[in-house]
Number of protein chains: 2
Amino acid sequence: MPKLGMESVRRRSLVEATISAIHTRGSMDVTMREIATRAGVSLGLAHHYFANKDDLLTSAMRAIMTDYRTQVGEALAGADGPHERVRAIIRASLAQDQFNPEVVSAWLVFYAHAHRSPRARRILSIYTRRLHSNLCHELRQLVGERADGVAAGLAALIDGLYVREGLGTARMADSDAYRLLDSYVSLQIAAGPAKTASAA
Amino acid sequence: MPKLGMESVRRRSLVEATISAIHTRGSMDVTMREIATRAGVSLGLAHHYFANKDDLLTSAMRAIMTDYRTQVGEALAGADGPHERVRAIIRASLAQDQFNPEVVSAWLVFYAHAHRSPRARRILSIYTRRLHSNLCHELRQLVGERADGVAAGLAALIDGLYVREGLGTARMADSDAYRLLDSYVSLQIAAGPAKTASAA
DNA sequence: GGGTATATTGAATGGGTGTTCAATAAACGC
DNA sequence: GCGTTTATTGAACACCCATTCAATATACCC
């Protein structure tokens with residue numbers, strides 16, 4: 001009983017199912033069959049809409065990154081001044097939708113997947129660059145020429161907190177994570193734009 | 001032509017082959033056959049010495065962590081005073097043997113593997129706790145009650161740098177990584193032991 | 001030197017995987 | 001109403017994986 005225009009619905013629900021499957025399994029071993037079942041469609045249909053598993057995986061990757069970007073954009077919209085804008089990026093990174101074991105697991109999967117899939121690697125590096133340039137733009141007004149190093153540190157700090165969140169053990173409350181990141185930025189600002197004793 | 005006492009030799013070489021296989025493939029998909037071939041033995045023999053794949057994987061995990069612990073121990077031996085001791089831990093974490101894409105890939109594999117294998121999870125959490133308590137012990141003398149938060153931040157920062165190193169894209173020089181971590185600690189020390197505007 | 005333990009292999013087993021394909025059924029265009 | 005397109009399925013295919021097992025050959029023990 002084919003209703004027309006199912007393609008977009010199916011694609012969306014398959015992508016969601018992929019993320020959800022990675023979520024609850026908490027690992028990279030996601031099978032096409034599991035995804036299809038979870039999306040409520042047959043295995044064949046999943047392959048009808050997505051040529052490869054890689055195709056589906058990268059689509060899910062794009063979806064998560066789009067979510068993140070949207071969230072950053074919204075947070076940025078209501079933020080005035082460079083320091084507040086950096087804080088907005090931090091807050092968006094730690095928002096409930098992003099900073100939970102499930103989504104973080106998905107990120108780790110993509111990181112790992114990027115090793116094999118050139119497409120995934122390209123997508124991921126776009127994200128990395130965008131985050132870095134976002135941070136740099138604001139930080140330059142706060143710490144001058146040290147912006148590059150501070151941005152690298154902040155990005156690494158966020159990634160590290162993500163890993164620890166994904167690991168499940170030794171998790172910390174969102175508020176603690178926020179304080180940690182915020183204090184990092186504040187300290188760097190307080191240290192001034194001088195290059196001595198700086199990062200990178 | 002069985003020479004006796006091969007067990008220890010084979011075990012060692014299989015563990016090395018495992019790490020090396022993970023290295024060059026840069027991912028979690030390591031097959032028993034690939035490991036066996038790389039170690040120069042038959043697939044059957046690999047299963048003769050290691051009951052499970054999990055067994056072999058966790059052994060490799062233990063090996064890498066032992067390496068790391070040894071390196072930290074050695075660095076710690078020649079360090080005087082809490083600040084120097086923290087620096088020693090940082091240096092050990094960034095030493096060539098540890099901080100390269102291959103070894104980092106292995107770490108990521110183990111992180112992922114820990115999701116499924118309770119044994120792996122236990123081993124990993126032991127490592128996490130030990131690093132944290134090591135750092136805390138030194139940091140308490142430097143930043144007082146903020147030690148916990150600073151240690152968490154430093155550990156996350158190290159993990160984040162590892163992830164980025166493992167990712168391959170956007171890598172940074174060891175010296176830059178060191179400067180980044182060192183400045184983090186220095187800034188936290190300079191900020192004093194007060195709890196206001198601190199981390200955690 | 002016969003028996004036992006060790007070292008080692010190659011082949012089989014059973015299961016799970018991604019992917020392909022032919023077949024069916026309903027909606028649409030004309 | 002008929003052909004084309006879309007939606008959907010279930011079965012089939014070929015492959016690779018971890019694991020098991022029977023078989024062989026060498027060293028050690030007494």
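Order of the sequence lines fixes the chain letters, A, B, ..., with proteins taken first and strands second; residue numbering starts at 1 for each chain.
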Nearest whole Å is fine: how far is [N] [atom2] from [X] [atom1]?
X      : N       : atom1 : atom2 : answer
L43(A) : dC13(D) : CG    : P     : 16 Å
L45(A) : dT19(C) : CG    : P     : 15 Å
L4(B)  : dT26(D) : CG    : C1'   : 9 Å
H47(B) : dA22(D) : NE2   : P     : 17 Å
R11(A) : dT8(D)  : CZ    : P     : 13 Å
H48(A) : dA23(C) : NE2   : P     : 17 Å

Audit row: D182(B), R179(B), salt bridge (Lys or Arg N to Asp or Glu O under 4.0 Å) steps and yes/no: CA-CA 5 Å; D182(B) 194 44; R179(B) 260 195 294 267; over 6 Å; no
Would you indicate, yes or no, if [N] has its OP1 or OP2 atom less than 4.0 angstrom from a side-chain nitrogen or oxygen of [X]?
X      : N       : answer
N52(A) : dG18(C) : no
R10(B) : dT6(C)  : no
Y49(A) : dT6(D)  : no

Give one of base, sugar-phosphate or nothing for F50(B), where a contact means two heavy atoms less than 4.0 Å apart. nothing
Would you call the rings of W107(A) and Y162(A) parallel, tilted or perpendicular, taking 30° and 60° as the class edges? perpendicular
Quick one: which residue pairs count as a side chain to side chain donor-acceptor pair (under 3.5 Å) with a foot in residues 64-77 of chain B, not counting sequence neighbours? Y68(B)-S93(B), Q71(B)-Q98(B)
Using the closest heavy atom to pick a nucleotide of DNA chain D for each, name whichever of D54(B) or V41(A) lands nearer the 5' end. V41(A)
So if I take residues 30-37 of chain A and measure heavy-atom distances to DNA chain C, which residues fall below 4.0 Å? V30(A), T31(A), M32(A)
